[in-house]
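Report on one structure; see the data block that follows.
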Amino acid sequence: MEDAHADAVLAIYRMGIDGGEATFETEPPTWQRFTAARSGDHRFVAVDADGHVLGWVACAAVSQRGVYAGVVEHSVYVHPAARGRGVGRSLLRALIDSTEAAGVWTIQSGIFPENTTSLALHGSVGFRVVGTRERLGRQHGRWRDVVLVERRSPVVV
């Protein structure tokens, strides 16, 4: 993921926000805030043969404390027109490979329980449900639960 992808990445993020089942966010951040909040080493885009961005994945450390040095939280978003083509799986595989090579032992994320497609995608690449955080936050006036998923690396020990 490079600065040249900024508009497409943020547009796909906007589509996820507008869909109502991907995030508590109501507006995408500026590109500067987006990049500052995510690891430059572990973020990727999927592009088609014409160079159009089909989706993205990025992560950030969950804490600055040394004991959590190998734990990241990630987001993955796929353009609606590219869904069902393996884009999300490819992006998650790239993230897994990259983070494992860097010594990351846990990738985690929070997913709304209604987002069954995302839950199935994560399950297909080795994530497991840790639990449900009930009434974690309010979105558009209603409480939302969040399913916590994680993938523990079998390589990094």
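Sequential numbering from 1 along the given sequence is applied to the chain's residues.
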Practice task
Output the distance between atom CZ (F34) and atom OG (S75), rounded to the nearest 0.5 Å.
Solution key: 7.5 Å
Practice task
Check for a donor-acceptor pair, side chain of T23 on one end and backbone N or O of E25 on the other, with a separation under 3.5 Å.
Solution key: yes
Handout entry: V57 to L91 - nearest heavy-atom pair and separation
Key = CG1-O, 3.5 Å
Completion exercise
Between A37 and A60, the two heavy atoms sitting closest are O-CB, 3.2 Å
Exercise for the section: Starting at NE2 of H122, measure out to CZ of F127 and round the result to the nearest 0.5 Å. Expected result: 5.0 Å
Practice task
Sequence neighbours left out, what passes side chain to side chain contact (heavy atoms under 4.5 Å, CB included) with D7? Give chain and number order.
Solution key: none
Practice task
Decide yes or no for R43 and C59: does some side-chain heavy atom of the first lie under 4.5 Å from some side-chain heavy atom of the second?
Solution key: no
Exercise for the section: Determine, step by step, whether E2 and V45 satisfy the side-chain contact (heavy atoms from CB on, under 4.5 Å) criterion, reporting the C-alpha distance in whole Å, the side-chain angles of both residues, the deciding distance to 0.1 Å, and the verdict. Expected result: CA-CA 9 Å; E2 301 172 0; V45 293; over 6 Å; no
Exercise for the section: Side-chain contact test, heavy atoms from C-beta onward, threshold under 4.5 Å: evaluate it for L92 versus H74 and give yes or no. Expected result: yes
Exercise for the section: Nearest 0.5 Å please: distance from the CD1 atom of I111 over to the CD atom of E21. Expected result: 12.0 Å
Exercise for the section: Please indicate whether R133 has more than 12 foreign heavy atoms, meaning atoms of other residues, nucleotides or ligands, lying under 6.0 Å from its CZ. Expected result: no
Practice task
Report the C-alpha distance between L119 and V147 in whole Å, list the side-chain angles of each, state the deciding distance to 0.1 Å, and finish with yes or no for side-chain contact (heavy atoms from CB on, under 4.5 Å).
Solution key: CA-CA 9 Å; L119 289 167; V147 177; 4.0 Å; yes
Exercise for the section: Would you indicate whether the side-chain heavy atoms of R14 and L10 approach each other to under 4.5 Å? Expected result: no
Handout entry: Closest approach of S98 to D41 (non-hydrogen atoms, all atoms of both residues)
Key = OG-O, 3.3 Å
Practice task
Return the minimal non-hydrogen interatomic distance between R152 and T106, and the atom names on each side.
Solution key: NE-OG1, 2.8 Å
Exercise for the section: Would you check if M1 and R38 make a side-chain contact, meaning some heavy-atom pair closer than 4.5 Å? Expected result: no
Completion exercise
Here the gap from I96 atom CD1 to R89 atom CZ, rounded to the nearest 0.5 Å, amounts to 10.5 Å
Problem - Spatial distance of atom CD (Q139) from atom CZ (R144) [nearest 0.5 Å] - result: 4.5 Å
Problem - Test side chain to side chain contact (heavy atoms under 4.5 Å, CB included) applied to I107 and V71, L95, V62, the passing residue - result: L95
Practice task
Keeping the roles fixed (side chain from D50, backbone from H52), state whether a donor-acceptor pair exists under 3.5 Å.
Solution key: no
Practice task
Please report the C-alpha distance between R135 and D145 in whole Å, then the side-chain angles of each, then the deciding distance to 0.1 Å, and finally whether the side-chain contact (heavy atoms from CB on, under 4.5 Å) criterion is met.
Solution key: CA-CA 5 Å; R135 297 172 46 102; D145 295 347; 4.2 Å; yes
Exercise for the section: Only counting residues at least two apart or in another chain, list the ones meeting side chain to side chain contact (heavy atoms under 4.5 Å, CB included) with A82. Expected result: L54, V78, H79, R85, V87
Handout entry: 4.5 Å side-chain heavy-atom contact, V149 and V130
Key = no
Practice task
Determine, using the 4.5 Å side-chain heavy-atom cutoff (strictly less than), whether V156 and Y68 are members of one ILVMFWY cluster.
Solution key: yes
Completion exercise
Note: L121 and S124 closest approach over all heavy atoms is O-OG, 2.6 Å
Practice task
Output yes when a side-chain donor or acceptor of R138 lies under 3.5 Å from a complementary backbone atom of G141, and no otherwise.
Solution key: yes
Practice task
Give, for atom OH of Y13 and atom CG of D18, the distance between the pair rounded to the nearest 0.5 Å.
Solution key: 12.0 Å
Exercise for the section: Keeping to residues at least two apart or across chains, list the ring-ring contact (aromatic ring centres under 6.0 Å, His included) pairs with something in residues 84-114. Expected result: F24-F112
Practice task
For the residue pair Y77 and W56, categorise the inter-ring angle as parallel (less than 30°), tilted (30 to 60°) or perpendicular (more than 60°).
Solution key: parallel
Practice task
Say whether V76 and V47 are linked into one hydrophobic cluster, either directly or through other cluster members, by side-chain heavy-atom distances under 4.5 angstrom.
Solution key: no
Fill in the blank from the handout: Looking only at heavy atoms, the pair that brings P113 and T116 closest together is O-CG2, 3.8 Å
Practice task
Tell me whether V129 is reachable from V72 by hopping between hydrophobic residues (I, L, V, M, F, W, Y) whose side-chain heavy atoms are closer than 4.5 Å.
Solution key: yes
Problem - E100 bridged to R151 by N-O distance under 4.0 Å - result: yes
